[in-house]
There are 2 protein chains.
Amino acid sequence: MDPTQGPPRPTSPTIYDVAKACGVAPSTVSRAFSRPGRVNAETAERIRKVAAELGYRTNPLARGLPTGKTSLLALIVADVTNPFFFQIIRGAEQVARKAGYTMLVADVEESMETEREALDRVIPLVEGIVLATSRLSDSSIRVAAKQRPTVVLNRVMTDIPSVVTDNARGMRRAVEHLVELGHTTIMYVAGPEASWVDGMRWRSLREATYELELRPRRIGPFPPTVDGGLAAARAFGDSPTSAVIVYNDLMAIGMMRGLTEMGTRIPEDVSVVGFDNIFGSDFCTPPLTTVAAPLHNLGAFAIKTLLGRLGTDTPRTLRPALLPSQLIVRGSTARRH
Amino acid sequence: MDPTQGPPRPTSPTIYDVAKACGVAPSTVSRAFSRPGRVNAETAERIRKVAAELGYRTNPLARGLPTGKTSLLALIVADVTNPFFFQIIRGAEQVARKAGYTMLVADVEESMETEREALDRVIPLVEGIVLATSRLSDSSIRVAAKQRPTVVLNRVMTDIPSVVTDNARGMRRAVEHLVELGHTTIMYVAGPEASWVDGMRWRSLREATYELELRPRRIGPFPPTVDGGLAAARAFGDSPTSAVIVYNDLMAIGMMRGLTEMGTRIPEDVSVVGFDNIFGSDFCTPPLTTVAAPLHNLGAFAIKTLLGRLGTDTPRTLRPALLPSQLIVRGSTARRH
DNA sequence: TTGAAAGCGCTAACAG
DNA sequence: CTGTTAGCGCTTTCAA
């Protein structure tokens, strides 16, 4: 090995250095760190002390080679730029960190292609994977899951642990809220067609309205962005209702802006409900009534689930974990005029 | 090694498998992937074909051990939850990915302690580090930089490559804009005291106002959050001016809300300018006039700089890279009444 | 409880 | 251009 080739940085001490300084065998040093029980208490203490003095840190890479335990977890997100994911990432990181894992966050920019590449790059590195709002097909996900324990977030699969928001309950609460305000016809403004969540929300709305004897309506699909909401506002003009429930907050914000520009007053003319309670939904105008997703908890719970799967090879429970959402009433909904 | 211990997953093929299947030596397979030039074209072709059939992927971990080249880069961000970082992360990831690197994003939740831990965990894994808005002391940063090539983002250091927004120019443009609108006294609403950027912005404001013969004023410090802005609005009530420039958009949004609640009209009574152009600054009320930071480019450029430093041991240029910002005029500023 | 030795998958010198 | 041979730093049998 050419020493001028490798990293020219001051090479950090290894177990060999510590072993020499302690007068014990390298394997003992290794044991002192990886299974402290299997080494004489005093010796272990001495080793730890010397190691600290030398500034020894076990090299996770080297440890990973023989054991496969890299202490790395992957979180693949559809779009780091989408505020929906901020709290998810943080929740995930917190739990991972506490468990001694480092998280590798990969942004796939909503592209299936990029997601597959990210997976390829990341799989050999990590012990487990969380797919947050994956754009991959079920079968692609299964392929990945065969290589590393995998948890899907925001999507339900029957053979892979899933963590999702309880959309049905959330939708139900939103509808009840609107009914209490006197609305009788509710328009659902749909998000992307391919989205599992969109399908779920629309179905939940139909069920809720059916039970409450309301008429649901629907326009869309629209892209799940502010611009998509703008487009929805224009389409909505053709057959307005007094209340709309929008696929997500981003679209709801866009739609409110579009509506306002067209002279429609919110909430006087139209009540608007969004989904997710993302950053910004409280300071748009008017502040958005929304079904808050438990974002932080979603991320945290996904990692917890993954951590639980790490040892065992057989999935525990395959019922998707349903995390409760919460209706947050703000200024965009009001009594029907 | 206990085979029941390691990852129970289907162990992927190694160079040995490929070598056997090809009837060549393992080292040849290795060469075929790491330095294709050094192996017979046909042989290389054959190896690649067989490797593809077997589904062979070179194990980055194993490769990293002897070479130190892990193809991993770390991006340490002060707060993943802050929209300021979204585009930075994306820009960084894009560049890293194109260069064949995987990015490890660590959230330190604005905590010095957490940041140091994150560094410790990450350093042995990665080839280089970008510190985005580090909360560490200069000397702590130097310690890290001694171990791995390091670039600091949003902060200037004389001995470490730095990438920052050209705050002086941006501030100058903001002040000129306000002057054109007839404002003569400008209040700076300060962010966190410890922040290098805050100091820079205040200094730039003083310089700009000096040249233009205006009176600058200042309140603060406040936390760089919506709530901090709310607090600033209350403090501002004591000695109002017709125009304020706020440390960042988050605070500006909070301040506008606070002002509005107190009955102050924006922009009629007070013109407000923010900094950064984060997500949401376009849909708050009124839409915020702001000095847009080149967020995406900041992240991209930092990684490019890091990539450039990777080979060489001596830093190239130590003049901080100043990336241009841009004034975006929206509804929160108007002619003085 | 400890030491010796083999090996994780890959790379890089050194001969041939 | 290719095979052989040492390792990278750590873990884990296997003996002692």
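Lettering follows sequence order; numbering is per chain, from 1.
To the nearest angstrom, C1' of dC8(C) lies 13 Å from CG of Asp17(B). Lys69(B) places its NZ atom 18 Å from the C1' atom of dG9(C), with the value rounded to the nearest Å. For the pair Glu45(B) CD and dT2(D) P, the interatomic distance rounds to 13 Å; values are reported in whole Å. If you measure from atom NZ of Lys20(A) to atom P of dC10(D), you get 14 Å, rounded to the nearest angstrom. Atom C1' of nucleotide dT11(D) and atom CZ of Arg38(A) are separated by 13 Å, given to the nearest angstrom. At whole-Å resolution of the value, CZ in Arg46(A) and C1' in dT1(C) are 13 Å apart. One can place CZ of Arg63(B) at 17 Å from C1' of dG7(D), the figure rounded to the nearest angstrom. For the pair Leu61(A) CG and dT11(D) P, the computed distance is 12 Å after rounding to whole Å.
Here the side chain of Ser71(A) pairs no donor or acceptor atom with the backbone of Lys69(A) at under 3.5 angstrom.
With distances taken from any side-chain atom of Asn59(B) to the nucleotides dC1(D), dC8(D), dC10(C), the minimum falls on dC10(C). Of all nucleotides listed (dT11(D), dT2(C), dT11(C)), dT2(C) comes nearest to the side chain of Val39(A).
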**Q.** Pair Lys49(A)-Glu53(A), salt bridge (charged side-chain N to carboxylate O under 4.0 Å, His left out): steps then yes or no
**A.** CA-CA 6 Å; Lys49(A) 199 170 130 280; Glu53(A) 278 166 15; 3.7 Å; yes
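Judged as a side chain to side chain donor-acceptor pair (under 3.5 Å), the pairs with a partner in residues 72-85 of chain B (not counting sequence neighbours) are, in order, Gln87(A)-Thr81(B), Arg90(A)-Asp79(B).
Between Thr70(A) and Glu127(A) the shortest heavy-atom distance is N-OE2, 3.0 Å.
The stretch residues 27-34 of chain B touches DNA chain D through Ser27(B), Thr28(B), Arg31(B), each having a heavy atom within less than 4.0 Å of the strand.
Side-chain contact between Leu131(A) and Ile76(A): present, with at least one pair of heavy atoms (C-beta onward) separated by less than 4.5 Å.
Residue Ala41(A) is the one, among Ala41(A) and Pro26(B), whose nearest nucleotide of DNA chain C lies closer to the 5' end (criterion: closest heavy atom).
Between the OG1 atom of Thr14(B) and the CG atom of Leu54(B) there is a distance of 9.5 Å, given to the nearest 0.5 Å.
Each of Val163(A), Asp138(A), Thr133(A), Val197(A) was scored for a side chain to side chain contact (heavy atoms under 4.5 Å, CB included) with Arg155(A), with one residue passing: Asp138(A).
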